[in-house]
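Report on the structure given below.
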Amino acid sequence: MRTVLRAMARNRGALGGAIFLALVLALAAFAHVLFPQSPWDMAGAPFTPPGQDGFLLGTDSLGRDVAAGIAYGARVSLLIGAVSTLAALAIGVGLGALAGYAGGLIDDALMRVTEFFQTIPSFILAVVLVAIFSPSLASIVGAIAIVSWPPVARVVRAEFRTLRAREFVQAAEVQGRSRASIVCREILPNALPPIVVLASLMVASAILLESALSFLGLGDPNLMSWGFIIGAGRSVIQLAWWVSVFPGIAIFLTVLALNLLGEGLGEALDPRLRQGTRL
Amino acid sequence: MQDGITRRQALAAGGLAALGLMRVAEAEAAGIAPKRGGLLQSVITPEPPILILGVNQQAPTLEVGSKIYQGLLEFSETLEPKPLLAKSWEISADKTRYTFHLQPGVLWHDGEKFTADDVIFSIMQFNMTLAPRARAVFASIKSATAPDPMTVVLTLAQPFEPFLLMFDVTATPMMPKHIYDGTDYRTNPHNQTPIGTGPFQLDHWQRGSFIRLKRFEKYWKPGQPYLDGIVYRVIPDSQSRALALQTGQIALTSGNDIEPFDIPRFRAMPTLAIETKGWEMFSPLAWLELNNRVKPLDDVRVRQAISHAIDRKFIAERLWFGTAKPATSPIASTTRYHDPAAHLQDYDPKKAMALLDEAGLKPGAGGVRFTLRHLELPYGEVWTRLSEYIRAALGKIGIALTMESTDPGGWASRMSNWNYDTTINYLYQFGDPTLGVERSYVSSNIKKVVFTNTEGYSNPEVDALFAKARVAPDTASRRKDFYAVQKLLIEQVPVVWLIELTFPTIHKKTLHDVITLGTGVQGCFDDVFLA
């Protein structure tokens with residue numbers, strides 16, 4: 001573990017990504033301290049440019065503070081990113097582990113199901129799901145989880161298939177340990193590194209998916225998210241560029257930070273890419 | 001304008017045809033003579049499913065169909081009737097017999113003659129079968145006869161003062177009897193090739209791309225129409241439409257073609273004219289609908305408080321960029337019998353809070369007095385912004401709104417099942433309170449159908465006033481009743497009226513006489529010209 005952290009610290013990109021994410025987390029955690037009013041409140045005159053009247057990032061068409069929107073939006077984006085990734089992991093790891101460990105007919109059946117989901121364009125499926133179940137936090141998290149589990153399932157299945165054939169697993173089987181114990185205590189911990197890397201990238205894509213849904217007006221109408229601010233500001237971009245640009249930068253930097261972090265993790269966890277480190 | 005009928009009779013006898021000539025004379029005086037020729041490029045959003053009026057009465061169908069079909073009358077911006085297929089008309093002293101004298105020499109697009117038989121067929125059968133709005137009014141016609149091929153006499157069971165308003169093409173288009181009689185109007189094979197009496201006939205319809213109309217050479221007004229044809233292009237994306245207008249590819253947009261937020265930039269373009277007139281016949285009025293069955297919305301003080309909490313000027317200027325006007329009454333200012341002295345609750349959040357306190361609704365945790373569900377109107381962005389504004393405005397007086405969004409089908413179904421606390425709604429008024437206002441407030445119209453009295457407001461006094469005004473034969477007594485009902489409704493706040501909508505018509509300044517009627521772009525365009 002310590003070697004992993006040390007490897008990460010040496011990777012400047014990953015370090016920068018981690019620091020930026022920590023800042024975003026802090027912004028989300030202290031949004032109500034920094035901006036005591038609700039982000040939906042009309043705090044000032046509509047279309048106040050950035051820097052005027054005490055509005056650091058300006059106001060939108062209803063006079064809502066864009067900076068407050070970004071702070072509260074960080075909560076929504078991070079929450080949806082994290083929760084939908086956890087949900088996708090639960091589905092993907094469960095199905096992947098079952099397919100990879102059981103093999104045979106079960107494997108075939110589960111992989112066909114996975115392929116079925118992979119052949120549908122994921123964004124369109126998400127749009128349809130949210131539209132059917134009407135936009136709310138739960139339906140958005142559910143839709144993102146449903147479109148993002150298949151890659152997890154495939155990675156986990158592949159790991160399980162290779163690990164299953166290894167001697168320590170066979171030894172555990174010979175000892176007569178239960179299947180559940182073998183899966184949870186022998187195989188899963190060894191399959192974890194690629195899952196961790198994949199998960200950090202999935203958080204990034206979940207944030208992008210949520211932003212895209214909100215941009216199209218399919219976000220939860222009670223939550224101020226980054227995609228919503230961009231979508232609402234798009235139409236007045238010729239009058240007030242700042243409404244769309246600042247949340248756009250927020251999404252861009254957060255997703256970039258998550259990708260850098262994921263890449264750094266991947267390198268740190270992969271012995272072949274770890275250079276100059278004792279194994 | 002409100003003492004219409006009596007003046008109408010006098011004017012009708014005198015003949016109003018001179019008006020058309022006057023307009024041309026005015027234009028000539030201004031140095032712009034009508035010029036023949038030129039193709040008008042416009043846009044239609046969304047693409048209509050069919051062009052047969054009556055079978056479909058949606059705005060896009062009306063916009064294109066009104067060039068192909070015509071009504072007996074058309075209406076000025078002050079809703080005065082003007083002759084069209086009827087060159088003059090008389091009303092009997094007891095206001096129950098209407099005699100229309102038809103324009104001679106009118107031909108259908110297939111060359112057949114237009115006669116009184118077509119008129120009676122259109123009123124008593126075609127529109128009676130297809131259009132619920134026409135059926136409600138025409139059901140009281142006792143007899144419809146044609147003493148000669150150029151005269152139609154309609155006798156009513158009782159006086160109905162707004163009767164003439166029903167003869168605009170948007171309410172009762174004239175349809176060819178020789179094509180539709182005895183067939184299923186909805187599935188008639190000729191529905192693909194509309195046959196009307198209008199100045200333009202269908203030339204080519206490339207579905208998903210454009211509808212092209214060409215001049216009807218045997219149109220009954222000599223020398224007209226001036227335009228060679230009209231092309232309605234189908235451009236589904238609003239930004240692409242705005243671009244087409246900006247680059248001059250299209251010369252005319254209307255309705256929802258251009259979003260309100262794009263208006264300021266077109267206002268700055270010297271080659272374009274923006275008109276908000278031409279919606280007087282419809283006068284759409286938008287309101288915050290309150291489900292009167294839901295507590296505490298059943299308390300009139302709460303409804304008044306909500307009305308006090310909303311800044312209508314902000315909505316009109318900031319959300320609609322000045323293309324809407326703050327509402328002042330349940331009867332829009334461009335509808336007949338609007339009381340110019342009427343005014344709604346002033347914007348006064350302090351008073352709103354005092355009223356809520358008085359109703360016993362004290363603020364609880366976080367300053368929230370009570371929570372309501374708000375169903376957003378899924379008609380595009382500006383309506384979503386309006387809902388957000390209302391949530392913020394009501395939040396300030398301690399009413400929390402939980403937003404719910406849905407698609408148009410879902411909205412209509414929730415409305416017709418009364419499954420909402422608050423929502424946004426807007427309705428056409430059709431020129432007269434009896435035709436377009438009464439339906440939203442009388443208890444006999446509390447139905448599980450959209451655009452009825454879905455809010456469930458019930459007041460015997462209001463019912464009685466609307467009922468009296470419906471059958472009153474003279475304008476003076478109708479005005480008295482409608483002024484009284486406005487006062488009563490404003491005090492009772494069954495719904496919170498917000499803004500009078502106008503959909504801006506934007507056209508190149510080289511296009512003349514576009515908006516000359518209270519129906520705007522739903523006029524027949526026989527006098528529109530490019531110069």
Side-chain angles (χ1 to χ4, degrees), chain A residues 32 36-48 59-66 68-69 72 76 127-140 213-225 227-241 243-244, chain B residues 237-239 242-243 246 258-268 309-311 314-315 317-321 349 366-368 371 373-396 400-411 413-414:
Chain A
H32 61 288
Q37 276 198 320
S38 153
W40 297 98
D41 274 354
M42 293 167 293
F47 302 129
T48 310
T59 63
D60 73 355
S61 56
L62 288 179
R64 297 177 293 211
D65 189 350
V66 175
Y72 283 88
V76 177
V127 166
V128 170
L129 286 171
V130 172
I132 292 175
F133 294 105
S134 79
S136 70
L137 189 60
S139 71
I140 292 166
L213 286 170
S214 294
F215 176 81
L216 292 180
L218 287 170
D220 186 321
N222 294 297
L223 296 176
M224 174 78 78
S225 82
F228 166 81
I229 309 175
I230 300 178
R234 178 188 66 114
S235 50
V236 287
I237 198 157
Q238 301 205 351
L239 281 167
W241 55 268
V243 183
S244 317
Chain B
D237 173 58
S238 74
Q239 290 307 303
L243 209 60
Q246 196 168 3
I258 300 295
E259 304 272 1
F261 48 75
D262 278 324
I263 298 292
R265 107 175 119 109
F266 288 115
R267 248 185 220 134
I310 288 167
D311 185 358
F314 182 93
I315 297 174
E317 281 168 17
R318 293 298 184 173
L319 295 181
W320 264 265
F321 293 91
V368 175
T371 305
R373 298 176 299 156
H374 179 84
L375 185 62
E376 289 179 14
L377 182 66
Y379 284 3
E381 237 197 279
V382 67
W383 297 100
T384 308
R385 292 292 91 74
L386 176 60
S387 287
E388 287 164 9
Y389 167 77
I390 287 171
R391 171 171 57 184
L394 296 191
K396 280 189 183 155
L401 292 191
T402 314
M403 302 294 230
E404 298 176 324
S405 53
T406 173
D407 56 6
W411 182 85
S413 122
R414 298 253 322 246

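The figures here come from the full heavy-atom set of this structure, side chains too, leaving out hydrogens, waters and symmetry mates. First the proteins, then the strands, lettered A, B, ... as listed; each starts at 1.
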Which atom pair, heavy atoms only, marks the closest approach of [X] to [Y]?
X        : Y        : answer
B:Ser405 : A:Ser134 : O-CB, 4.1 Å
B:Phe314 : A:Pro46  : CE1-CG, 3.8 Å
B:Glu381 : A:Gly231 : OE2-O, 4.2 Å
B:Glu388 : A:Arg64  : OE1-NH1, 2.8 Å
B:Arg391 : A:Asn222 : NH1-OD1, 3.2 Å
B:Ala393 : A:Met42  : N-CE, 4.1 Å

Pairwise distance [atom1]([X]) to [atom2]([Y]) - rounded to 0.5 angstrom:
X        : Y        : atom1 : atom2 : answer
A:Ile237 : B:Phe261 : CD1   : CZ    : 11.5 Å
B:Lys396 : A:Asp41  : NZ    : CG    : 7.0 Å
B:Arg318 : A:Leu62  : CZ    : CG    : 10.5 Å
B:Phe321 : A:Ser61  : CZ    : OG    : 6.5 Å
B:Leu401 : A:Trp40  : CG    : CH2   : 12.0 Å

The interface call for B:Thr402 against chain A, heavy-atom contacts under 4.5 Å, is both

What part of B:Leu319 lies closer than 4.5 angstrom to a heavy atom of chain A: side chain, backbone, both or neither?
->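 Just the side chain, heavy atoms under 4.5 Å.
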
Top residue by heavy-atom pair count (under 4.5 Å) with chain A, among B:Arg385, B:Glu376, B:Gln239?
->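 Going by pairs under 4.5 Å, I would pick B:Arg385.
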
Of the backbone (N, CA, C, O) and the side chain (C-beta and beyond), which part of A:Leu218 lies under 4.5 Å from a heavy atom of chain B, both, or neither?
-> neither

Are any non-hydrogen side-chain atoms of B:Glu404 and A:Pro221 less than 4.5 angstrom apart?
->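 No, their side chains stay 4.5 Å or more apart.
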
